[in-house]
Amino acid sequence: MFVLVLPDVAVPMAGPLHYTLPPELGPLPVGSRVLVPLAGRTVPGFVVGHDLQAPVPEVLPVQGVVSRTPLFDEEAWELARWVAPRYLASLRDALRAAFPAEALSRLVRTVRLVREPAAEVRDPTLAQVVQRLRQGPVEERRLVAEVGPQARRALAKLRKAGCVDWELVGLPPAVRPARQKVVRLCVPGERAWELVDRWRRRAPKRAAALQRLLQAEEVSRGELCQVVGEAAVKGLVEAGVAEEREVEVTRDPLRGAFREEGPPPELTVEQRAAYEAVRGALGRREHRVFLLHGVTGSGKTEVYLRCAAEVVAAGGQVLVLVPEITLAPQTVARFLGRFGDRVAVLHSQLGAGERFDTWRRLQAGDYDVVVGTRSAVFAPLPRLALVVVDEEQETAYKQPHPPRYHAREVAVERARRAKAPALLGTATPSVEALWNVRRGAWQGLRLSQRVAGRPLPEIRVVDMRREPPRSVFGQPLLEALRAHLDRGDQVLLYVNRRGYAACVVCRECGHTPRCPRCAVSLTFHLTSRTLRCHYCGRVVRAPSTCPSCGGVQLRPYGPGTQRVEEAVRQLFPHVPVVRADRDTLSRKGAHARLVDALRRGEVRVVVGTQVVAKGLDFPEVGLVGVVAADVALSLPDFRAAERTLQQLVQVAGRAGRGDRPGEVVVQTYQPDHPAVRAAASHDVVGFYETEWEERRRLGYPPFASLVHVVVAAREEGPAQEGVRRLAQRVTGAEVLGPSPAPLSPLRGWFRWRLVVRGTEGEAVRGAVREALAGWRRPQGVRVAVDVDPVEML
Ligand code: ADP
Ligand code: ZN
């Protein structure tokens with residue numbers, strides 16, 4: 001019997017390797033972690049399978065076991081084998097996405113002296129190291145910490161001389177199951193009641209404790225001691241009436257979470273048609289992809305809930321992906337309200353213990369529904385029967401580091417493997433998704449009406465070229481603000497940039513301070529009077545004179561959230577305003593507090609970025625003002641128009657969700673842009689027709705596949721040279737570039753890029769794979785490969 005082990009090393013492996021399994025190590029399930037020899041070293045690895053035969057005669061044995069608790073199952077391994085080639089990632093990176101880092105046992109390297117150095121040791125560091133090793137084996141890290149970084153050189157020398165030996169030792173994961181002491185009754189109830197009567201006078205606390213135990217089978221010891229005192233609990237145990245035990249407890253991130261309960265509403269005609277379509281596929285256990293294209297407020301979530309209920313009732317599991325958990329508190333609350341404790345959440349804001357516990361309980365099959373962000377697409381779900389992806393067009397579904405997968409695509413693949421339908425929902429489909437419907441690969445489901453006959457808001461486009469220069473609000477928006485605030489409405493002002501102003505400009509020479517590391521203009525923050533880089537986080541004091549010409553007229557340009565907030569305060573001093581952007585909402589619970597304040601009507605004007613444009617459903621918003629709808633259009637990205645439309649539709653969708661009709665005012669310098677016009681007329685379908693034509697003409701997705709390769713170095717030269725060599729190696733696909741990346745340098749790295757394009761995805765990936773395989777990456781040069789990029793900056 002051989003085991004197949006994927007070495008857990010940075011060098012990409014073509015596949016797992018065969019090892020023999022010494023009988024004394026016992027059986028090892030898929031998902032266990034072992035130590036194996038590889039190229040003369042001992043390295044950790046994952047057991048991914050078993051085999052009766054080995055392809056080569058010489059097979060080395062597994063050296064040791066780090067952990068037998070499976071980290072993943074065969075299904076996860078199979079999925080990793082799909083993800084790795086699909087996104088040009090290594091198998092190891094793809095497999096590591098299957099479990100949280102917290103679950104991994106830590107490996108430490110210990111060093112042992114096996115032979116005294118032959119000659120006398122003169123070098124003081126070497127002497128110190130030898131001295132320390134004579135006392136016994138020591139963790140390499142500890143040794144380096146004690147002796148200093150020179151210790152590494154000394155160790156290398158000793159190793160060369162055959163004096164030291166290394167050993168890898170596995171320690172349990174840093175996060176462990178939480179345990180708690182509980183107390184429980186160990187006599188029959190009748191006997192306990194007798195004792196309660198007997199002790200009521202003499203030992204009232206003990207009697208109270210006993211009564212408590214009679215009500216609940218098990219009580220936390222700490223809790224009980226708080227109520228009746230330590231002595232009473234001890235007394236009970238000593239009298240043999242109760243016993244103490246240690247049990248595992250779950251750290252539950254959803255304890256006390258808001259649940260939106262209530263009976264499910266009667267479905268609208270359109271909702272019912274969508275639900276029935278999915279239900280049909282569920283009944284046939286048929287994989288099929290549905291694109292639920294519904295205007296904002298059309299009740300898409302209710303369709304998800306109904307389909308999920310269908311699955312749960314039949315004993316299946318549902319995976320629900322949301323782009324960002326802070327933007328989806330209402331989605332979580334609705335699922336909790338409907339499915340209660342059967343719901344788990346998985347996202348990056350969980351504490352390590354919470355994530356670990358949730359994942360372990362998922363492994364045990366304890367939940368029916370998982371609501372999570374992109375990494376949850378790999379959650380262990382053996383009974384998966386439905387996959388839901390909310391807001392499928394969101395860029396947050398793309399993993400920005402290896403494996404650079406798209407969670408929507410992985411979700412569809414998982415559904416395919418599980419013979420389950422995938423339900424993708426959106427108000428503004430990605431150009432790719434809607435094309436899939438158009439060409440018949442996916443099935444479109446349409447919700448064209450808001451629920452309860454609520455009208456879609458009226459959208460007014462204001463041409464800012466005709467408004468006074470440098471004003472934050474043009475006349476129409478100003479008038480609308482007055483009218484709605486007079487009426488007592490809530491107002492949302494959307495600004496797609498946090499901070500005070502997009503940048504500062506010198507009125508005399510036109511100079512704009514930029515981040516020297518990232519080549520983007522610095523954003524002006526008023527309260528701290530600083531300039532900040534939103535890419536690398538660099539903060540500098542705002543200069544009072546122009547660094548270029550010494551002029552004194554540095555002016556903010558392009559409003560940010562702070563500038564808009566200030567303008568509102570000046571115009572309406574008595575109206576409560578709240579700014580909602582990444583600066584103000586970064587603290588835990590800040591989003592929930594904002595929603596509460598809005599519900600209670602304590603806030604009248606919200607000045608927010610995309611953070612509030614998405615997923616916030618509060619009924620009283622009568623007016624939505626888009627302060628500047630141009631910034632996204634000028635991004636150097638072929639998706640700029642699509643993104644602008646998506647932003648506008650989403651933010652406009654926040655208006656008029658209650659009983660009053662909403663109004664939307666969009667200020668722009670490009671009133672005739674197709675994206676702006678489509679949003680204003682609510683006719684998004686027309687936009688896609690033009691956009692498809694454009695993409696087809698220019699050779700962009702969905703009519704071509706792209707692989708974006710960025711080569712970065714600390715200096716310009718090596719990056720440019722490296723990418724040039726790589727570009728020469730690409731054959732069988734078109735190469736665009738190389739060119740400097742739009743954001744270069746970024747965080748101190750000079751970045752050159754290359755886009756490889758072709759009509760066949762597999763051919764394009766193959767061309768890049770081949771080029772990379774033979775390319776000798778120069779020292780100090782990094783390369784990032786992004787298949788189907790959603791952003792190319
Ligand atoms: P979407 O996700 O399409 O923007 P939501 O699912 O948030 O829309 O629904 C908007 C509101 O309408 C929610 O408050 C929801 O509870 C309510 N709703 C959904 N379906 C119905 C229905 N059939 N009847 C009445 N109210 C509904
Ligand atoms: Zn920067």
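We count ligands from 1, going down the list as the structure has it; atoms in each ligand are counted the same way.
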Q) Is there a nitrogen or oxygen of K300 sitting under 3.5 Å from a nitrogen or oxygen of ligand 1? A) yes

Below 3.5 Å, can you tabulate the donor-acceptor pairs from side chains in residues 299-309 to any protein atom, sequence neighbours excluded?
unit_1: K300; atom_1: NZ; unit_2: G294; atom_2: O; d: 2.9
unit_1: K300; atom_1: NZ; unit_2: V295; atom_2: O; d: 3.4
unit_1: E302; atom_1: OE1; unit_2: R338; atom_2: NH2; d: 3.0
unit_1: E302; atom_1: OE2; unit_2: R306; atom_2: NE; d: 3.2
unit_1: E302; atom_1: OE2; unit_2: R306; atom_2: NH2; d: 3.4
unit_1: E302; atom_1: OE2; unit_2: R338; atom_2: NH1; d: 3.1
unit_1: E302; atom_1: OE2; unit_2: R338; atom_2: NH2; d: 3.3
unit_1: Y304; atom_1: OH; unit_2: D390; atom_2: OD1; d: 2.6
unit_1: R306; atom_1: NH2; unit_2: P265; atom_2: O; d: 2.2

Q. So is R342 actually on top of Y367's ring, under 6.0 Å and inside 45° of the axis?
A. no

Q: From atom 21 (C) of ligand 1, work out which of G299, P265, G653 has a heavy atom at the shortest distance.
A: P265

Q. Got a salt bridge between D788 and K398, using NZ or NE/NH1/NH2 to carboxylate O under 4.0 Å?
A. no

Q | Donor-acceptor contact below 3.5 Å, side chain R695 vs main chain Y700 | A | no

Q. Which option, T301, T426, L447, owns the non-hydrogen atom nearest atom 2 (O) of ligand 1?
A. T301

Q.
For F335 and F339, take the angle between the two ring planes, folded into 0 to 90°, and tell me which bin it lands in: parallel under 30, tilted 30 to 60, perpendicular over 60.
A. parallel

Q.
If the cut-off is 4.0 Å to any non-hydrogen atom of T268, which atoms of ligand 1 fall inside it?
A. 23 (N)

Q: Determine yes or no for a side-chain-to-main-chain donor-acceptor pair under 3.5 angstrom, with H682 supplying the side chain and P457 the backbone.
A: yes

Q | Heavy atom of G294, distance to ligand 1 below 4.0 Å | A | no

Q) For ligand 1, which atoms sit closer than 4.0 Å to a heavy atom of E266? A) 22 (C), 23 (N), 24 (N)

**Q.** A452 heavy atom under 4.0 Å from ligand 1
**A.** no

Q: Enumerate the atoms of ligand 1 whose separation from the nearest heavy atom of T296 is less than 4.0 angstrom.
A: 4 (O)

Q.
Considering E302, Q330, R334 one by one, which has a heavy atom nearer to atom 15 (C) of ligand 1 than any of the others?
A. R334

Q) Within the distance-only criterion (no hydrogens, no angle test), does the side chain of H293 pair as donor or acceptor with the backbone N or O of L445 below 3.5 angstrom? A) no

Q. Between the candidates R272, Q271, R450, R654, which shows the shortest non-hydrogen contact distance to atom 19 (C) of ligand 1?
A. Q271

